[in-house]
Amino acid sequence: MSTDKILISGTGCALADYLYTNVRFDSPGFLKYRSKSMGDGGLSPGKLVFLDELEKYANKKYSDILCEISDKASFDDFNIGGPGLVSLIHASQMLSTNEFEVRFFGCTGQDDIAGSLFDLLQKTPLIISDYVPQSTKATPFTHVFSDFTYDGGHGERTFVNNIGAAWDYTSEMLSDDFFKAQVVCFGGTALVPQIHDNLTSLLKKAKDNNCITVVNTVFDFRNEKSYPMMPWPLGDTDESFKFTDILIMDSEEALKISGKSSLQEAAVYFRDHQVSSYLITNGSKEVIAYSNGRLFQKMNISSFPVSQKIVTELQSASTLKGDTTGCGDNFAGGVIASIAQQLQSGKAGLFDLTEALSLGVASGGFACFYVGGTYYEKTQGEKLAKVQSYQSEYLKQIKQA
């Protein structure tokens, strides 16, 4: 691992995404398997369910359920997925390989899915020497069902996930190199159970090594199923909060982790539990931001709009549209990249959260213009140029507000 560059390491959810587009959530096939109560194993727009739990809920093999959800013979696209992996791929595309090194740590199964994933990963700048096939279980995968008409045309997705090899990845498998990075990221660890359940100690170790810690969350079906009326745990104790420099969540995750009924209450909860800074996204609605001054300059609980330029372009009939898969993951990747960039010229306590947020908003919005979470560049810097143009317009937008 190079010592001349700013180092970013991450672990968490990494998987194959099988994308099914134009699935209607109001169709008879989808409604037949729709959830009736929290954690019951049924399908629900915007949420994730485990494949085996859906089979129990339906009392039917998943292959048969799939035929009813989607009337297509096969998936529309295959892509790299997972909040841990996709966010770091995006960060690596936003950063110069001469000045930054972005690495992912994890494991796959020893199957054709893993081979297909590694083939795609070779097209990205991400370093994957610590992402290895070392489990006899299947490589994790998710079937992503997208309904472009949902939420008044803003679109939404539903996820069916098989954890597979991620069950076998443990905190002991994270080498010392992982904690030598200046920025350490934990993405979607709820889908990597043995990492998630030891998150507090991992975050503490990172802070003991003077790392900046980033946590971006994912729908925690495991805890939702086991304890449907309880807040989702973020690690083994609430101390995880104080060891987190920035916590990135969507609105559903923020409510579930805090156990609160409104985003305003959740925002206060995370502030009072000593999360250094956080960002809460809410689809096409405003982003909530906060910083206590430890990493970013102090910011009271504030709201920021989404990119109007991206909204306008998505509403244009002539604009190429993809899907909303990976928007949140790319948002997190943009924030991670901004933190790394700000490390070059600033120090903790002086970072600009608005700058990080702006790159996150532009990154997440740009993901709506292509299918799947990962964008494959034809030339290095291609994606950066496109995202920066949206970031520039967004900074003008919020300055004028």
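Predicted, not measured: the structure shown is a model, and the values here were computed from it.
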Query raised in the report: OG of Ser358 to CD of Gln397: how many Å apart, nearest 0.5 Å?
Result: 11.0 Å
Query raised in the report: Measuring from Ile212:CD1 to Leu295:CG, what's the distance to the nearest 0.5 Å?
Result: 5.0 Å
Query raised in the report: Hey, is NZ on Lys60 packed in by over 12 heavy atoms from elsewhere, all under 6.0 Å?
Result: yes
Requested in this report: Spell out, as yes or no, whether a donor-acceptor pair under 3.5 Å connects the side chain of Ser35 to the backbone of Ser37.
Outcome: yes
Query raised in the report: Looking just at side-chain N and O atoms, do Gln308 and Thr312 make a donor-acceptor pair shorter than 3.5 Å?
Result: yes
Requested in this report: Answer yes when Glu252 and Lys47 have at least one side-chain N-carboxylate O distance shorter than 4.0 Å, and no when they do not.
Outcome: yes
Requested in this report: Check Asn330, Val361, Ile248 against Val335 for a side-chain contact (heavy atoms from CB on, under 4.5 Å) and give me the one that passes.
Outcome: Ile248
**Report entry** Value rounded to 0.5 Å, distance of CG in Leu359 from OG1 in Thr354
**Finding:** 13.0 Å
Query raised in the report: Run the side chain to side chain contact (heavy atoms under 4.5 Å, CB included) check on Lys396 and Ser392 step by step: do they pass?
Result: CA-CA 6 Å; Lys396 293 177 185 176; Ser392 176; 4.1 Å; yes
Query raised in the report: Under the 3.5 angstrom rule, does the side chain of Ser70 hit a backbone N or O of Cys67 as a donor-acceptor pair?
Result: no
Query - Residues Asp17, Arg157: salt bridge by 4.0 Å N-O rule - result: no
Query - Option from Leu117, Asn162, Leu15 for which side-chain contact (heavy atoms from CB on, under 4.5 Å) with Thr139 holds - result: Leu117
Report task. Looking only at non-hydrogen atoms, find the nearest pair between Cys107 and Gln134 and report the distance. Result -> CB-CG, 3.5 Å
**Report entry** Asp119 atom CG: more than 12 heavy-atom contacts under 6.0 Å
**Finding:** yes
Report task. Check the pair Val268, Lys260 against side chain to side chain contact (heavy atoms under 4.5 Å, CB included), reporting the backbone distance first and the verdict last. Result -> CA-CA 10 Å; Val268 172; Lys260 302 301 180 182; over 6 Å; no
Query raised in the report: Do the side chains of Leu279 and Leu353 get nearer than 4.5 Å, heavy atoms only?
Result: yes
Report summary line: Between the CD1 atom in Ile301 and the OG atom in Ser291, the distance rounded to the nearest 0.5 Å is 11.5 Å
Query raised in the report: Can Lys137 and Asp168 be counted as an ion pair, charged N to O under 4.0 angstrom?
Result: yes
Report task. Decide yes or no on ring pair (Phe, Tyr, Trp, His ring centres under 6.0 Å) for Phe145 and Phe30, but give the supporting numbers first. Result -> CA-CA 10 Å; Phe145 304 102; Phe30 188 93; 7.5 Å; no
Query raised in the report: Do Phe104 and Phe118 make the cut of ring centroids closer than 6.0 angstrom?
Result: no
Requested in this report: Classify the side-chain pair Thr142/Asn161 by whether it contains a donor and acceptor separated by less than 3.5 Å.
Outcome: yes
Requested in this report: Taking the side chain as every heavy atom from C-beta outward, state whether Pro305 and Ile398 have any pair of such atoms under 4.5 Å apart.
Outcome: yes
Query raised in the report: Have Thr200 and Ser240 got a donor and an acceptor in their side chains that come within less than 3.5 Å?
Result: yes
Requested in this report: Any chance you could lay out the side chain to side chain contact (heavy atoms under 4.5 Å, CB included) test for Thr170 and Met173, step after step, and finish with the verdict?
Outcome: CA-CA 5 Å; Thr170 70; Met173 292 179 179; 3.5 Å; yes
**Report entry** Approximate separation, where rounding is to 0.5 Å, of Phe243 CZ and Ser201 OG
**Finding:** 9.5 Å
**Report entry** Side-chain heavy-atom pair Leu126, Leu85 within 4.5 angstrom cut-off
**Finding:** yes
Requested in this report: Go through the steps for Asn282 and Glu286 under the test side chain to side chain contact (heavy atoms under 4.5 Å, CB included), then give the verdict.
Outcome: CA-CA 6 Å; Asn282 194 13; Glu286 292 185 325; over 6 Å; no
Query raised in the report: Is there side-chain contact between Asp147 and Glu156, with at least one heavy-atom pair below 4.5 Å?
Result: no
**Report entry** Under 3.5 Å side-chain donor-acceptor pair for Gln93 and Glu382
**Finding:** no
**Report entry** Pair listing, ring pair (Phe, Tyr, Trp, His ring centres under 6.0 Å) test, anchored in residues 376-401, at least two apart
**Finding:** Phe369-Tyr390
Query raised in the report: For the ring pair (Phe, Tyr, Trp, His ring centres under 6.0 Å) test, which of Phe141, Phe221, Phe219, Tyr57 pairs with Phe50?
Result: Phe221
Query raised in the report: Have Arg103 and Ser129 got a donor and an acceptor in their side chains that come within less than 3.5 Å?
Result: yes
**Report entry** Taking every non-hydrogen atom, the tightest pair across Gln182 and Leu343
**Finding:** CB-CD1, 3.9 Å
**Report entry** Lys256 with Glu253: basic N within carboxylate O range, under 4.0 Å
**Finding:** no
Query raised in the report: Is the closest basic N to carboxylate O distance between Lys205 and Asp208 below 4.0 Å?
Result: no
**Report entry** Mutual orientation of the aromatic rings belonging to Phe78 and Phe75 [parallel < 30°, tilted 30-60°, perpendicular > 60°]
**Finding:** tilted
Query raised in the report: With no hydrogens and no angle check, do the side chains of Glu355 and Gln342 hold a donor and an acceptor under 3.5 Å apart?
Result: no
Query - Donor-acceptor contact below 3.5 Å, side chain Gln297 vs main chain Leu350 - result: yes
Requested in this report: Check whether any side-chain heavy atom of Cys185 sits under 4.5 Å from a side-chain heavy atom of Ile8, and report yes or no.
Outcome: yes
Query raised in the report: Under 3.5 Å, side chain of Ser92 to main-chain N/O of Ile89, donor-acceptor pair present?
Result: yes
Report task. Identify the two heavy atoms, one from Phe105 and one from Ser175, that lie closest to each other, and give their separation to 0.1 Å. Result -> CE2-OG, 3.6 Å
Requested in this report: Would you indicate whether Lys225, at its atom NZ, is surrounded by more than 12 heavy atoms from other residues, nucleotides or ligands within a distance under 6.0 Å?
Outcome: yes
**Report entry** Heavy-atom side-chain contact between Asp236 and Asp197 under 4.5 Å
**Finding:** no
Query raised in the report: Under 3.5 Å, side chain of Lys61 to main-chain N/O of Ile65, donor-acceptor pair present?
Result: no
**Report entry** Smallest separation among heavy atoms of Phe351 and Ile339, with atom names
**Finding:** CE2-O, 3.9 Å
**Report entry** Side-chain donor/acceptor of Thr213 to backbone N/O of Asp245, under 3.5 Å
**Finding:** yes
Query raised in the report: Taking the side chain as C-beta and beyond, is there a heavy-atom pair between Val371 and Asn79 under 4.5 Å?
Result: no
Report summary line: Minimal heavy-atom distance between Met38 and Pro228, with the atoms involved, is CE-O, 3.5 Å
Query raised in the report: Are Phe178 and Phe186 close enough, and set up right, to give a ring pair (Phe, Tyr, Trp, His ring centres under 6.0 Å), and what steps lead you there?
Result: CA-CA 11 Å; Phe178 181 82; Phe186 297 92; 5.7 Å; yes
**Report entry** Neighbour count >12 (heavy atoms, 6.0 Å) for atom CD, Glu99
**Finding:** yes
Report task. First locate atom CG of Leu48, then atom CD of Glu224, and finally report the distance between them rounded to the nearest 0.5 Å. Result -> 11.0 Å
Query raised in the report: Above 12 or not: heavy atoms from other molecules or residues under 6.0 Å from CG of Asp112?
Result: no
Query - Test item: Val102 and Ile336 side chains (from C-beta on) under 4.5 Å apart, heavy atoms - result: no
Query raised in the report: Can you name the closest pair of heavy atoms from Ala356 and Phe296 and give their distance?
Result: CB-CE2, 3.9 Å
Query raised in the report: Asp329 and Ser87: side-chain donor and acceptor closer than 3.5 Å?
Result: no
